[in-house]
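Quantities reported herein were computed from a predicted structural model and do not represent experimental measurements. The analysis underlying the following values was restricted to heavy atoms, covering all of them including side chains, and did not include hydrogens, waters or symmetry mates.
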Amino acid sequence: MMSVAPTLSPRLSRSGDGTVRALLARRDVQLIPIMVVIAVVSGIANPAFLSSRVISSLLITAMVTTLMALGQTFVMLTKGIDLSVAPILGLSAVIVGFQAQDHGLPLGLGLLLGAGIGVVLGAGNALLVSILRVPPIIATLGTFTVYGGLQFLVTNGSQVNTVPSEYTRFGVASFTVVPGVPWLLIAGVIATIVAGYVLRYTVFGRSLYAVGDDVEAAFRGGIPTARVTFIAYVVCGFFAGLAGVIYLMRTGSADALTGTQTNENLNSIAAALIGGAALTGGRGNALGALLGSIFLSLTLSAMGIAAHIPDEWQPAGIGVLILLAVVADPRARQGTRVRSRLRKKKDGTR
């Protein structure tokens with residue numbers, strides 16, 4: 001008998017090609033080979049860069065940014081931005097740090113306290129943006145100053161420098177699942193999976209994309225846009241509060257400048273944009289926030305360890321990455337223009 005090889009129909013073949021193209025067009029997928037190239041080149045320039053301790057250290061640093069970027073992604077999906085995440089992180093770190101240092105607060109309760117602080121402060125942003133309708137950049141710039149002032153009041157000239165070992169042992173580069181894979185990476189991956197599930201499979205997650213894509217159409221479609229935006233800022237505060245405790249675990253210290261001094265606002269925005277989020281709303285995902293954070297940490301580490309670029313230049317490097325992420329992604333701007341033209345055409349035909 002003559003065997004006949006199974007063939008795909010043209011439609012199925014085109015569908016498969018389209019799926020592959022769509023996958024390769026995703027920013028988070030594109031980041032993976034770029035990170036491999038950066039790691040290999042940096043390892044050639046300085047073999048110590050590929051040591052398990054350096055890799056573990058940069059991944060631990062990335063986990064602080066990951067939590068911040070996850071929260072920032074929720075807000076960016078609504079076409080917003082949160083410029084107050086740095087002092088939220090700082091307030092969480094100093095309050096939990098003082099409780100741990102002076103009263104022996106256990107780590108589990110510390111995480112709950114940090115998350116609670118973030119929720120309360122995030123609710124302040126949410127009230128301004130979703131209820132009082134203050135533009136996000138103005139509202140969160142104002143709370144950046146207010147929360148930063150509270151951080152100075154809480155510290156009162158002192159700092160956290162001695163926390164229980166159960167905090168700091170998770171933040172050292174030698175405390176790993178396997179060499180080069182720190183336990184905090186597992187925590188960051190779990191947070192990413194939970195956030196990704198919420199964004200992809202829940203009504204709230206789908207509503208975030210709808211609000212960011214076209215808030216008027218979402219409202220007319222029955223989506224409670226104010227409530228969705230409110231929750232997005234609360235979630236962002238929640239992640240920033242958790243990030244404060246992770247920062248405390250990594251450094252073992254906190255003071256009045258924690259968060260702002262290390263440019264956590266800039267880091268979170270950069271990681272979210274690099275991972276595929278758009279300032280024009282409606283685009284972004286949790287995996288992109290994770291990979292964008294690792295990419296940012298890897299790049300900054302390569303600048304310092306392999307390229308021997310002074311730390312003072314790192315903010316400039318982050319700024320360049322933000323510009324590249326925006327310039328390399330014209331789809332968001334194009335989508336905004338198309339929606340605007342369609343809206344005007346629709347209004348003109350009424």
Item checked: Parallel, tilted or perpendicular: ring planes of Phe170 versus Phe175, cut at 30 and 60 degrees -> perpendicular
Checklist line | Polar side-chain atom of Thr155 near backbone of Gln151 as donor-acceptor pair, under 3.5 Å | finding: yes
Check: Under the side-chain contact (heavy atoms from CB on, under 4.5 Å) criterion, do Leu257 and Phe152 qualify, and how do the steps go?
Finding: CA-CA 8 Å; Leu257 295 177; Phe152 271 91; 3.8 Å; yes
Check: Does the side chain of Thr260 reach to within under 4.5 Å of the side chain of Pro87, using non-hydrogen atoms?
Finding: yes
Checklist line | Donor-acceptor pair between Asn125 and Thr143 side chains, under 3.5 angstrom | finding: yes
Notebook entry, point to check: Looking at side-chain heavy atoms only, is the closest gap between Ser92 and Val245 below 4.5 Å?
Noted result: yes
Margin query: Using side chain to side chain donor-acceptor pair (under 3.5 Å), reason through Ser158 and Asn156 one step at a time and then give a plain yes or no.
Written below: CA-CA 6 Å; Ser158 57; Asn156 194 28; over 6 Å; no
Next item on the list: For the pair Ser57 (side chain) and Arg53 (backbone), establish whether a donor and an acceptor sit closer than 3.5 Å, ignoring hydrogens and angles.
Entry: no
Check: What distance do Leu321 atom CG and Leu273 atom CG have between them, rounded to the nearest 0.5 Å?
Finding: 10.5 Å
Check: What is the minimum heavy-atom distance between Val172 and Ile60, and which atoms define it?
Finding: O-CD1, 3.6 Å
Note to self: When you group the ILVMFWY residues by side-chain heavy-atom contacts below 4.5 Å and let the links chain together, are Val163 and Val154 in the same group?
What the structure shows: yes
Checklist line | Candidates Leu107, Ile246, Thr251 - the one meeting side-chain contact (heavy atoms from CB on, under 4.5 Å) with Tyr167 | finding: Leu107
Check: CZ of Arg227: more than 12 outside heavy atoms within 6.0 angstrom?
Finding: no
Item checked: Note, Met76 side chain near Ile269 side chain (heavy atom, < 4.5 Å) -> yes
Next item on the list: Could you tell me which non-hydrogen atom of Ala139 sits nearest to which non-hydrogen atom of Val129, and how far apart they are?
Entry: CB-CG2, 3.8 Å
Item checked: Side chain proximity check, Ile322 to Leu266, heavy atoms < 4.5 angstrom -> yes
Notebook entry, point to check: Below 4.5 Å, heavy atoms only, C-beta onward: do Phe74 and Cys236 meet side chain to side chain?
Noted result: no
Notebook entry, point to check: If you take all heavy atoms of Trp313 and Met303, which pair is closest and at what distance?
Noted result: O-CE, 4.1 Å
Notebook entry, point to check: Between Ile81 and Leu83, does a side-chain contact (heavy atoms from CB on, under 4.5 Å) hold up when you go through it step by step?
Noted result: CA-CA 6 Å; Ile81 196 168; Leu83 299 178; 4.2 Å; yes
Next item on the list: Check whether any side-chain heavy atom of Leu113 lies under 4.5 Å from a side-chain heavy atom of Ile95, and answer yes or no.
Entry: yes
Margin query: Using modelled atom types and a 3.5 Å cut-off, is there a donor and acceptor pairing between side-chain atoms of Ser56 and backbone atoms of Ser52?
Written below: no
Checklist line | Nearest heavy-atom neighbours spanning Gly114 and Val96 | finding: N-CG2, 3.7 Å
Note to self: In this structure, would Tyr233 and Leu150 fall into the same cluster of hydrophobic residues linked by side-chain contacts under 4.5 Å?
What the structure shows: no
Check: How long is the gap from CG on Leu298 to CD1 on Ile55, to the nearest 0.5 Å?
Finding: 9.0 Å
Margin query: Rounded to the nearest 0.5 Å, what separates atom CG in Leu58 from atom CG in Leu296?
Written below: 11.0 Å
Checklist line | Smallest separation among heavy atoms of Val94 and Ala254, with atom names | finding: CG1-CB, 3.8 Å
Notebook entry, point to check: Do you reckon Val41 sits in the same ILVMFWY cluster as Val320, going by side-chain contacts under 4.5 Å, direct or chained?
Noted result: no
Margin query: Tell me if the CZ atom of Arg200 is crowded by more than 12 foreign heavy atoms within 6.0 Å.
Written below: no
Margin query: Are Ile274 and Leu31 packed together at the side-chain level, in the sense that at least one heavy-atom pair is separated by less than 4.5 angstrom?
Written below: yes
Margin query: Keeping Gln101 on the side-chain end and Thr162 on the backbone end, is there a donor-acceptor pair under 3.5 Å?
Written below: yes
Note to self: Measuring from atom CG of Asp213 to atom CZ of Arg283, what distance do you get when rounded to the nearest 0.5 angstrom?
What the structure shows: 11.0 Å
Notebook entry, point to check: Measuring from Leu77:CG to Ser207:OG, what's the distance to the nearest 0.5 Å?
Noted result: 11.5 Å
Checklist line | Joint cluster assignment, Tyr147 & Leu128, ILVMFWY side-chain distance < 4.5 Å | finding: yes
Checklist line | Check: Ala39 main-chain N/O paired with Ser42 side-chain donor or acceptor under 3.5 Å | finding: no
Check: Same cluster or not: are Trp183 and Ile294 linked, directly or through other Ile, Leu, Val, Met, Phe, Trp or Tyr residues, by side-chain heavy atoms under 4.5 angstrom apart?
Finding: yes
Notebook entry, point to check: Can you tell if the side chain of Val181 reaches within under 4.5 Å of the side chain of Leu59, non-hydrogen atoms only?
Noted result: no
Check: Are there more than 12 heavy atoms of other residues, nucleotides or ligands under 6.0 Å from atom CD1 of Ile131?
Finding: yes
Next item on the list: Taking all non-hydrogen atoms of both residues into account, name the closest pair between Gly205 and Thr202 and its distance.
Entry: N-OG1, 3.1 Å
Next item on the list: Report the C-alpha separation of Asp214 and Lys79 in whole Å, then their side-chain angles, then the decisive distance to 0.1 Å, and conclude whether the side-chain contact (heavy atoms from CB on, under 4.5 Å) test is met.
Entry: CA-CA 9 Å; Asp214 192 325; Lys79 203 180 296 186; over 6 Å; no
Notebook entry, point to check: Counting distance only, does the side-chain N/O of Asp82 pair as donor-acceptor with the main-chain N or O of Gln72 below 3.5 Å?
Noted result: no
Next item on the list: Would you check, one step at a time, whether the test side-chain contact (heavy atoms from CB on, under 4.5 Å) holds for Thr262 with Thr258?
Entry: CA-CA 7 Å; Thr262 50; Thr258 293; 6.0 Å; no
Checklist line | Euclidean distance, Met68 CE relative to Ile88 CD1, rounded to 0.5 Å | finding: 8.0 Å
